[in-house]
Amino acid sequence: MTLTAERLDRVSPSQTIAITSKARAMKAAGKDVISLSAGEPDFDTPDNIKQAAVNAIMAGETRYTDVSGTRTLRQAAADYFRREHGLDYTVEQIVVSTGGKQVIFNAMLATINAGDEVIIPAPCWVSYPDIVSLADGKPVIVAAGPNQGFKITPEQLEAAITPRTRWLMLNNPSNPTGAAYSAAELKALAEVLLRHPDVWVFTDDIYEQLVYGGFKASTIAAVEPRLKDRTVTMNGCSKAWAMTGWRIGFAGAPLPLAKAMDKLQSQSTSNTSSVSQAAAVEALNGPQDSVAAMRVVYQRRRDLVVGMLNEAAGIHCPTPEGAFYVFPSLAGCIGKTSKGGTPIADDEAFVTALLEEEGVAAVHGSAFMFPGHMRISYATSDALLTEACTRIQRFCAGLK
């Protein structure tokens with residue numbers, strides 16, 4: 001008899017976390033490493049949000065809350081959805097969890113039966129397929145390449161739907177590509193979904209505040225209200241408000257599913273931190289100038305990185321609409337040999353050699369179900385980004 005359950009064999013440890021951990025270990029050993037692998041803002045949490053947490057502690061707000069979050073935070077989340085997208089949710093339709101990942105896990109585990117299918121456009125966040133697999137579902141990966149802006153088409157969606165399809169998983173803007181669907185593109189997908197009334201939609205919009213160049217973020221239940229009764233609209237505080245460690249994700253969902261997610265969470269983690277919830281109320285309801293300021297910096301960094309990567313031999317880097325990632329193609333580098341003698345057989349070999357020879361940590365595209373590329377996070381200083389991209393240019397120039 002083995003120690004671990006068979007279901008655990010279906011999943012792998014997060015490859016983004018693994019690479020970030022390796023980079024940290026190399027830095028701890030005294031090596032000069034620039035990590036562009038973590039999906040985490042380099043900004044500190046804004047002071048007004050931190051002060052709200054301090055105030056909550058001093059006021060004794062340190063006890064259990066309702067499983068789905070305090071009524072104050074759930075109202076703030078409902079107000080956010082109404083303010084940003086005109087979506088109306090009652091407090092009872094809001095579920096607050098320990099980060100967005102738990103929201104996804106709750107929704108999938110509460111609804112998927114063995115063999116149910118979940119359509120996941122790729123490139124995709126590393127955890128989506130594994131969460132589906134843990135819930136006994138079948139991830140159906142639909143490739144959406146750079147020639148279509150890394151976005152699934154209505155024709156692809158139609159072709160992927162079967163009688164076993166339970167969910168379509170959307171991420172808008174996307175991790176790892178930064179690609180974002182316009183309202184018109186979402187409307188076209190919605191037209192397909194309206195023909196398939198048993199298919200639900202889970203939309204992960206956690207990067208929606210980080211869009212650039214005048215792009216307007218949209219969400220599918222607002223674009224097509226007829227889908228609202230079978231859509232989970234997820235968001236959270238980690239990215240836009242630089243609150244990754246506070247662990248706050250939230251979602252609006254049809255009441256029966258919100259209750260099911262609450263039931264599941266009541267037997268796993270129960271409520272998320274009461275102090276984090278108080279901070280999240282301030283994030284959603286308080287001044288938003290810090291978000292606007294971070295957005296300006298991210299756009300400048302995006303443009304810097306795209307420009308420098310497109311000067312690297314063998315790399316082509318599209319300009320993303322949002323998030324804080326770029327996802328360049330390595331097609332012109334694969335099949336060569338690095339200056340240090342490493343054969344670059346694929347994207348994983350590329351990022352491994354780049355880390356070992358130049359001290360730059362990135363994540364290979366195959367971790368996101370889309371080989372031949374790499375993900376770079378530009379959530380770090382301009383100076384470090386400039387140095388990292390200079391090293392990437394040097395590494396590429398040395399390929400033979």
Side-chain angles (χ1 to χ4, degrees), residues 45-46 48-85 87-112 127 131 134-135 200-206 208-209 219 221 228-286:
T45 303
N48 62 306
I49 298 173
K50 291 189 287 187
Q51 188 59 51
V54 172
N55 293 346
I57 293 170
M58 299 310 295
E61 296 176 23
T62 56
R63 300 184 182 277
Y64 293 134
T65 73
D66 290 343
V67 170
S68 286
T70 65
R71 191 169 189 89
T72 303
L73 178 53
R74 285 183 286 157
Q75 184 63 62
D79 292 344
Y80 173 85
F81 286 130
R82 188 175 301 110
R83 182 172 66 245
E84 295 294 321
H85 298 295
L87 288 172
D88 285 320
Y89 292 107
T90 66
V91 168
E92 289 73 26
Q93 290 178 289
I94 301 294
V95 179
V96 178
S97 300
T98 307
K101 188 179 287 188
Q102 189 181 23
V103 176
I104 303 167
F105 189 90
N106 286 347
M108 296 300 108
L109 202 64
T111 59
I112 290 177
S127 293
I131 290 172
L134 277 172
W200 283 55
V201 186
F202 189 103
T203 180
D204 175 354
D205 299 341
I206 202 162
E208 72 171 1
Q209 292 294 326
T219 196
K228 182 170 178 280
D229 287 343
R230 51 184 166 116
T231 297
V232 174
T233 304
M234 191 205 89
N235 219 295
C237 295
S238 293
K239 311 300 181 177
W241 291 274
M243 294 176 65
T244 50
W246 299 78
R247 309 311 301 133
I248 294 287
F250 56 86
L255 186 58
L257 181 52
K259 288 181 175 179
M261 292 164 69
D262 176 276
K263 179 181 178 180
L264 177 60
Q265 189 164 299
S266 75
Q267 296 294 358
S268 55
T269 60
S270 193
N271 63 276
T272 192
S273 161
S274 60
V275 175
S276 293
Q277 291 187 60
V281 171
E282 176 63 19
L284 295 175
N285 289 349

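Residues take their numbers from the sequence shown, with the count starting at 1.
- Distance check, rounded to the nearest 0.5 Å: CD of Gln93 to NZ of Lys228 gives 5.0 Å.
- Judged by distance alone, with hydrogens and angles left aside, the side-chain atoms of Gln265 form a donor-acceptor pair with the main-chain N or O of Val67 at under 3.5 Å.
- The distance from atom CD1 of Ile131 to atom CE of Met108, rounded to the nearest 0.5 Å, is 8.5 Å.
- When all heavy atoms are compared, the tightest approach of Phe105 to Leu264 is O-CD2, 4.5 Å.
- Between Thr70 atom OG1 and Asn271 atom CG the span is 9.5 Å, to the nearest 0.5 Å.
- Atom-to-atom distance recorded for Ser97:OG and Asp262:CG is 9.0 Å, nearest 0.5 angstrom.
- Within 6.0 Å of CZ in Arg83 there are more than 12 heavy atoms belonging to other residues, nucleotides or ligands.
- A donor-acceptor distance shorter than 3.5 angstrom exists from the side chain of Thr272 to the backbone of Arg247, with no hydrogens or angles considered.
- Ion pairing between Asp79 and Arg82 holds under the 4.0 Å rule for side-chain N and carboxylate O.
- Here the closest heavy-atom approach between residue Lys239 and residue Ile206 is recorded as CB-O, 3.9 Å.
- Ala135 approaches Ile112 most closely through the heavy-atom pair O-CG2, 3.4 Å.
- Between the CD atom in Gln75 and the OG1 atom in Thr90 there is a gap of 9.0 Å [rounded to 0.5 Å].
- Residue Lys259 places its NZ atom among 12 or fewer non-hydrogen atoms of other residues, nucleotides or ligands, all under 6.0 Å distant.
- Side-chain atoms of Thr45 and Trp246 include a donor-acceptor pair closer than 3.5 Å.
- Taking all atoms of both residues into account, the shortest heavy-atom contact from Trp241 to Pro46 is O-CD, 3.3 Å.
- Closest heavy-atom contact between Met243 and Ala283: SD-CB, 3.9 Å.
- Each of Asn235, Thr233, Asp205 was compared with Thr219 under the side-chain hydrogen bond (donor to acceptor under 3.5 Å, both in side chains) criterion, and only Asp205 meets it.
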Practice problem: Decide yes or no on side-chain contact (heavy atoms from CB on, under 4.5 Å) for Leu284 and Leu73, but give the supporting numbers first. | Solution: CA-CA 9 Å; Leu284 295 175; Leu73 178 53; 4.0 Å; yes

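- For the atom pair CZ of Phe81 and CD1 of Ile94, the computed distance is 5.0 Å after rounding to the nearest 0.5 Å.
- Side-chain contact check for Glu92 versus Arg71: some heavy-atom pair is nearer than 4.5 Å.
- In this structure, Leu257 and Ala110 approach most closely via the heavy-atom pair CD1-CB, 4.4 Å.
- With Gln277 as the fixed residue, the side chain to side chain contact (heavy atoms under 4.5 Å, CB included) test singles out one of Asp66, Thr72, Ile248: Ile248.
- Side-chain contact, Gln102 with Thr269: a donor N or O sits under 3.5 Å from an acceptor N or O.
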